[in-house]
Amino acid sequence: MEAAGQVSSAFNIGVFKEPRGFIKILEFVLSIFAFATTTSHDTSTTFTVLNCDSDNKTHKYVYEYGYPYDLESVCKDVCGKQVCFLSGSKSSAEFYVFVGVIVFLYCLGALVLYIFFDDFYRRNTRVIIADFVISIVLTLLWIIGSSAWASGVSDVKMYTDPVDGGLFTKERIPECAADTKACTVDSLGNFASLNVSLIFGFLNFLVWVGNLWFLYKETPWFKVQAKPPTEPGQHSPITGNVY
């Protein structure tokens with residue numbers, strides 16, 4: 001009961017009026033949007049092949065794919081031959097989602113610390129410094145993850161296009177290479193969700209960069225620099241000595 005009372009008395013909703021509080025809420029929400037728009041995406045590429053094995057028929061093929069975009073495992077039996085996409089973006093997609101989930105969990109933990117243990121946070125210099133240093137690392141992860149995922153999205157768009165992705169070649173689908181009019185692309189994937197996920201990724205990076213300044217102001221390094229110099233003849237506020 002005593003411990004519960006101490007936690008209750010330490011409850012501080014006013015932290016959301018401070019930059020480190022309401023920005024953390026923003027970072028929490030943006031991280032969810034970043035990985036949710038990536039993992040929830042699925043789409044398909046459709047194309048038709050005319051005259052497979054000289055049968056004078058039209059054959060329609062639908063390649064469905066989504067997160068984690070291991071496109072090399074997306075295969076179809078096209079004209080009696082197993083045909084797969086040439087490359088994917090599994091590693092960059094999973095790393096990007098990993099960053100988003102890690103940031104989500106850290107923001108959740110930081111908010112609990114700010115709300116219920118604000119006095120402990122303000123009194124403990126090591127915790128303040130740790131918060132600042134971890135935030136620097138997460139900021140770097142956002143720019144690295146977002147840049148890698150931007151390249152990954154570009155690869156997904158290219159390799160799921162039968163023409164640019166190399167499906168309509170002699171090695172993959174000979175019928176398409178022999179007669180360009182024999183194969184037509186009916187529809188390409190819809191990548192609006194992935195474009196949005198990229199926007200959220202770089203937006204997260206910008207928000208975290210801005211947040212670093214406010215976290216730095218909480219550190220003892222900033223407070224030492226911000227302390228006004230002691231003029232000759234004045235008492236030191238710390239030692240009481242006269243200079």
Side-chain angles (χ1 to χ4, degrees), residues 2-36 38 91-92 94-150 197-231 234-243:
E2 182 179 352
Q6 290 177 351
V7 172
S8 178
S9 62
F11 184 83
N12 179 25
I13 201 70
V15 72
F16 295 125
K17 298 179 181 179
E18 302 176 23
R20 67 182 172 97
F22 71 77
I23 291 180
K24 195 64 68 182
I25 286 288
L26 182 60
E27 292 169 343
F28 177 80
V29 174
L30 289 177
S31 67
I32 296 175
F33 281 119
F35 68 76
T38 304
S91 58
S92 59
E94 290 181 337
F95 179 71
Y96 181 76
V97 171
F98 167 77
V99 173
V101 172
I102 287 296
V103 169
F104 163 78
L105 295 175
Y106 182 76
C107 288
L108 187 60
L111 286 171
V112 171
L113 178 64
Y114 293 168
I115 296 172
F116 294 101
F117 305 98
D118 188 53
D119 289 340
F120 171 77
Y121 178 88
R122 294 179 183 275
R123 292 197 305 265
N124 197 316
T125 302
R126 292 182 179 180
V127 175
I128 294 175
I129 293 176
D131 189 20
F132 177 63
V133 172
I134 293 174
S135 295
I136 292 176
V137 174
L138 294 179
T139 303
L140 292 175
L141 286 178
W142 268 126
I143 189 61
I144 294 171
S146 298
S147 299
W149 182 223
S197 76
L198 285 176
I199 293 174
F200 279 119
F202 288 106
L203 181 59
N204 268 287
F205 167 70
L206 294 176
V207 172
W208 277 84
V209 167
N211 189 41
L212 288 179
W213 167 246
F214 297 104
L215 293 178
Y216 174 68
K217 291 177 68 175
E218 299 288 335
T219 65
W221 306 321
F222 174 81
K223 294 178 181 179
V224 168
Q225 294 179 354
K227 185 182 298 181
T230 304
E231 297 181 1
Q234 288 186 338
H235 288 276
S236 169
I238 298 177
T239 65
N241 295 331
V242 179
Y243 293 89

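All of these numbers come straight from a predicted model, not from anything done at the bench.
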*Can you name the residues that form a ring pair (Phe, Tyr, Trp, His ring centres under 6.0 Å) with F33, not counting sequence neighbours?*
F200
*asked:* Can you list everything that forms a ring pair (Phe, Tyr, Trp, His ring centres under 6.0 Å) with F205? Sequence neighbours excluded, please.
replied: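 Ring pair (Phe, Tyr, Trp, His ring centres under 6.0 Å) list for F205, sorted by chain: empty.
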Shortest non-hydrogen contact between [X] and [Y], atoms and distance:
X	Y	value
L203	L30	CD2-CD2, 3.9 Å
Y96	G145	CD1-O, 3.6 Å
L215	S135	CD1-OG, 3.1 Å
F35	V101	CD2-N, 3.9 Å

*Looking only at atom types and distance, does a side-chain atom of T38 sit under 3.5 Å from a main-chain N or O of A34, one as donor and one as acceptor?*
yes
*asked:* Students often mix this up, so state it plainly: with edges at 30° and 60°, are the rings of Y216 and W221 parallel, tilted or perpendicular?
replied: tilted
Which residues pass the side-chain contact (heavy atoms from CB on, under 4.5 Å) test with [X], sequence neighbours left out?
X	answer
L113	F117, F120, Y121, V127
T125	I129, P220
I25	F16, L111
I102	F98, L138

*asked:* Enumerate the side chain to side chain donor-acceptor pair (under 3.5 Å) contacts for residues 13-31, please, sequence neighbours excluded, ordered by first and then second residue.
replied: E18-R20, E18-R122, R20-D118, K24-E27, E27-N211
_Summary of side chain to side chain donor-acceptor pair (under 3.5 Å) pairs that have at least one residue in residues 139-150, sequence neighbours excluded_ = W149-S197
_To the nearest 0.5 Å, what is the distance between CH2 on W208 and CD1 on I136?_
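That separation rounds to 11.0 Å.
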